[in-house]
Amino acid sequence: MKTYIEQRAIEIGNYIIENGATVRQTAKQFGVSKSTVHKDVTERMMQINPTLASQARKILDINKAERHIRGGMATKEKYCGQSH
């Protein structure tokens with residue numbers, strides 16, 4: 001694996017842990033795709049730093065479990081106050 005990919009994977013893991021960030025937020029911050037974020041956390045980081053990978057994975061799992069709530073809140077905010 002190339003050095004810059006290893007470095008990015010570690011930076012992504014630290015970013016997720018420090019900010020409680022979602023995959024989408026992380027992808028936007030680093031200018032990569034969501035699938036790249038997933039691959040960095042689930043595959044590449046497990047080879048480089050398994051402890052960091054498991055910590056980041058826990059946060060991503062929590063975010064995934066809560067995403068339906070955030071989606072509902074976004075929809076509510078979008079339509080709140082609009083008259084039909």
Side-chain angles (χ1 to χ4, degrees):
M1 188 179 333
K2 298 196 184 216
T3 308
Y4 75 94
I5 294 175
E6 291 179 359
Q7 184 62 35
R8 183 190 65 214
I10 292 169
E11 289 174 8
I12 282 175
N14 287 327
Y15 179 80
I16 290 169
I17 292 166
E18 291 170 9
N19 298 294
T22 63
V23 171
R24 190 175 293 243
Q25 290 167 335
T26 305
K28 186 174 182 180
Q29 176 70 26
F30 287 88
V32 296
S33 68
K34 294 184 297 181
S35 59
T36 299
V37 172
H38 274 292
K39 187 164 185 142
D40 281 355
V41 173
T42 59
E43 295 177 22
R44 295 178 179 132
M45 276 180 32
M46 286 303 280
Q47 296 172 359
I48 302 166
N49 187 337
T51 305
L52 183 67
S54 66
Q55 290 174 341
R57 185 72 201 186
K58 284 179 189 175
I59 293 171
L60 292 181
D61 288 343
I62 291 168
N63 287 339
K64 186 176 181 180
E66 294 174 348
R67 70 182 173 186
H68 67 283
I69 296 169
R70 285 192 301 274
M73 295 300 290
T75 302
K76 183 178 179 181
E77 289 177 20
K78 180 178 178 180
Y79 293 106
C80 188
Q82 291 184 357
S83 59
H84 293 107

Cluster overlap Tyr4 with Val37, hydrophobic side-chain contacts below 4.5 Å
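In one cluster: yes.
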Audit row: Arg44, Glu6, side-chain contact (heavy atoms from CB on, under 4.5 Å) steps and yes/no
CA-CA 7 Å; Arg44 295 178 179 132; Glu6 291 179 359; over 6 Å; no
Run the side-chain contact (heavy atoms from CB on, under 4.5 Å) test on Arg8 and Ile5 for me, step by step, so that the C-alpha distance in whole Å, both residues' side-chain angles and the decisive distance to 0.1 Å come before the verdict.
CA-CA 5 Å; Arg8 183 190 65 214; Ile5 294 175; 3.8 Å; yes
Just how far is it from atom [atom1] of [X] to atom [atom2] of [Y], taken to the nearest 0.5 Å?
X	Y	atom1	atom2	value
Met46	Thr51	CE	OG1	9.0 Å
Asp40	Met45	CG	CE	8.0 Å
Ile17	Ser54	CD1	OG	8.0 Å
Ile59	Thr22	CD1	OG1	11.5 Å
Met73	Glu66	CE	CD	12.5 Å
Ile12	Gln7	CD1	CD	11.0 Å

Has Asn63 got a side-chain atom pairing as donor or acceptor with Ala21's backbone, closer than 3.5 angstrom?
yes
After noting the C-alpha distance and the side-chain angles of Leu52 and Gln55, does the key distance pass the side-chain contact (heavy atoms from CB on, under 4.5 Å) rule?
CA-CA 5 Å; Leu52 183 67; Gln55 290 174 341; 4.2 Å; yes
